[in-house]
Amino acid sequence: MDHLATASLPSLWDEVSGTQPDPDLWVVVATLVAALVVVVPHRPWRIARNAITIAHEGGHGLVALLTGRTLTGITLHSDTSGLTVSRGKPTGVGMILTAVAGYTAPPLLGLGGAALLAAGRITLLLWLATALLVALLVMVRNAYGVLTVVLTGGTFVLVSWLAGPQVQAAFAYAVVWFLLLGGVRPAFELQAKRSQGGAGDSDADQLARLTHAPAGVWFFLFHAVSLCALVGGGRWLLEL
């Protein structure tokens, strides 16, 4: 089968559930460099950060549902901020886990993606990402949020259905590198903003109020998760 656009249902299932060959090492390195070019300079990061916000708010929403909270809605804003609203007990483990999930979601998604790529599950990764974006779209409550999720999900659909195996592999590796690298930067940005007197109601501050542990403890957790995911996921992607 050349690609999914011409696949019958049985062959489509075989493609999604099966494994695909690993790309050449130069492709893996090239996608790493591309992700660095997007994440490190301010201007491309300012645009690409919207994708990290999608993962961040999606993490809040998913964990809210898993802990028995009622997810009311998600909004995504053009300044790359976002808000996830859920109903339920205002304290307790469920609320704490929901708050923790935001900054940890992008790097953990990247780590999970790296595990799938290391196992040769390129097509499965693309389809899972598309399914998560569709599920998120149902809960988005503002026009800008709908636009960003539709554009992101549409890109995954186009690559999954129309692109050849080499393009799919390059796209999948680029996405995972971006999540791993892009998952590191937001916590540092938030810490810098708080040091200047801003972001007084951040996830770290909410967690401090919920647990009576200093916000610095939660920043340490965010940094530890993102950096460990980057190291572990990077080793899988580079097969070190």
Side-chain angles (χ1 to χ4, degrees), residues 1-4 7 11-40 45 48-49 51-52 54-56 58-59 62-63 66 100-136 152-153 155-187 221-240:
M1 181 176 62
D2 292 333
H3 51 73
L4 296 181
S11 62
L12 182 61
W13 171 251
D14 290 340
E15 181 74 8
V16 173
S17 61
T19 60
Q20 293 75 42
D22 295 331
D24 294 333
L25 180 60
W26 73 266
V27 174
V28 179
V29 175
T31 55
L32 167 59
V33 173
L36 285 169
V37 169
V38 171
V39 170
V40 176
W45 170 246
R49 199 183 191 281
I52 295 296
I54 290 173
H56 179 114
L62 177 61
V63 173
L66 292 176
V100 168
Y103 281 94
T104 58
L108 290 178
L109 285 172
L111 184 63
L116 287 174
L117 293 180
R121 307 281 183 170
I122 296 171
T123 303
L124 178 60
L125 182 148
L126 296 175
W127 279 57
L128 283 175
T130 303
L132 288 173
L133 287 166
V134 170
L136 177 66
T152 305
T155 303
F156 276 89
V157 170
L158 289 174
V159 172
S160 299
W161 281 92
L162 302 179
Q166 294 181 344
V167 174
Q168 288 186 4
F171 178 76
Y173 272 80
V175 167
V176 171
W177 277 124
F178 172 71
L179 287 171
L180 291 171
L181 293 166
V184 173
R185 185 166 175 173
L221 174 65
F222 297 157
H223 293 318
V225 170
S226 62
L227 292 172
C228 288
L230 176 59
V231 172
R235 288 177 62 89
W236 281 337
L237 294 179
L238 294 168
E239 297 182 346
L240 297 177

query = Hey, what's the ring geometry for Trp161 with Trp127, parallel, tilted or perpendicular (30° and 60° as the breaks)?
reply =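 Trp161 and Trp127: tilted rings.
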message = Classify the ring geometry of Phe171 against Phe156: parallel below 30°, tilted from 30° to 60°, perpendicular beyond 60°.
response =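 It falls in the perpendicular class, over 60°.
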Are the side chains of [X] and [Y] in touch, meaning some heavy atoms are under 4.5 Å apart?
X      : Y      : result
Val225 : Val100 : no
Leu133 : Ile54  : yes
Tyr103 : Ser226 : no
Leu125 : Val176 : yes
Glu239 : Val28  : no
Leu181 : Leu32  : yes
Ile122 : Leu116 : no

At what distance, to the nearest 0.5 angstrom, does [atom1] of [X] lie from [atom2] of [Y]?
X      : Y      : atom1 : atom2 : value
Leu230 : Trp177 : CG    : CH2   : 7.0 Å
His56  : Leu109 : NE2   : CG    : 12.0 Å
Leu36  : Thr31  : CG    : OG1   : 10.0 Å
Tyr173 : Leu238 : OH    : CG    : 9.0 Å

ask   = Are the side chain of Gln166 and the backbone of Pro23 linked by a donor-acceptor contact shorter than 3.5 Å?
value =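 No; judged by distance alone, with no hydrogens or angles, the pair does not exist.
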query = Are the side chain of Gln168 and the backbone N or O of Thr123 linked by a donor-acceptor pair below 3.5 Å?
reply =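 Looks like no, no N/O pair under 3.5 Å.
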Considering all heavy atoms of both residues, which atom of [X] and which atom of [Y] are nearest to each other, and what is their separation?
X      : Y      : value
Val39  : Phe178 : CG2-CD1, 3.7 Å
Gln20  : Arg121 : OE1-C, 3.7 Å
Leu180 : Pro107 : CD2-O, 3.9 Å
Asp22  : Leu117 : OD1-O, 3.8 Å
Ala35  : Ala174 : CB-O, 4.4 Å
Thr19  : Ala119 : CG2-O, 3.6 Å

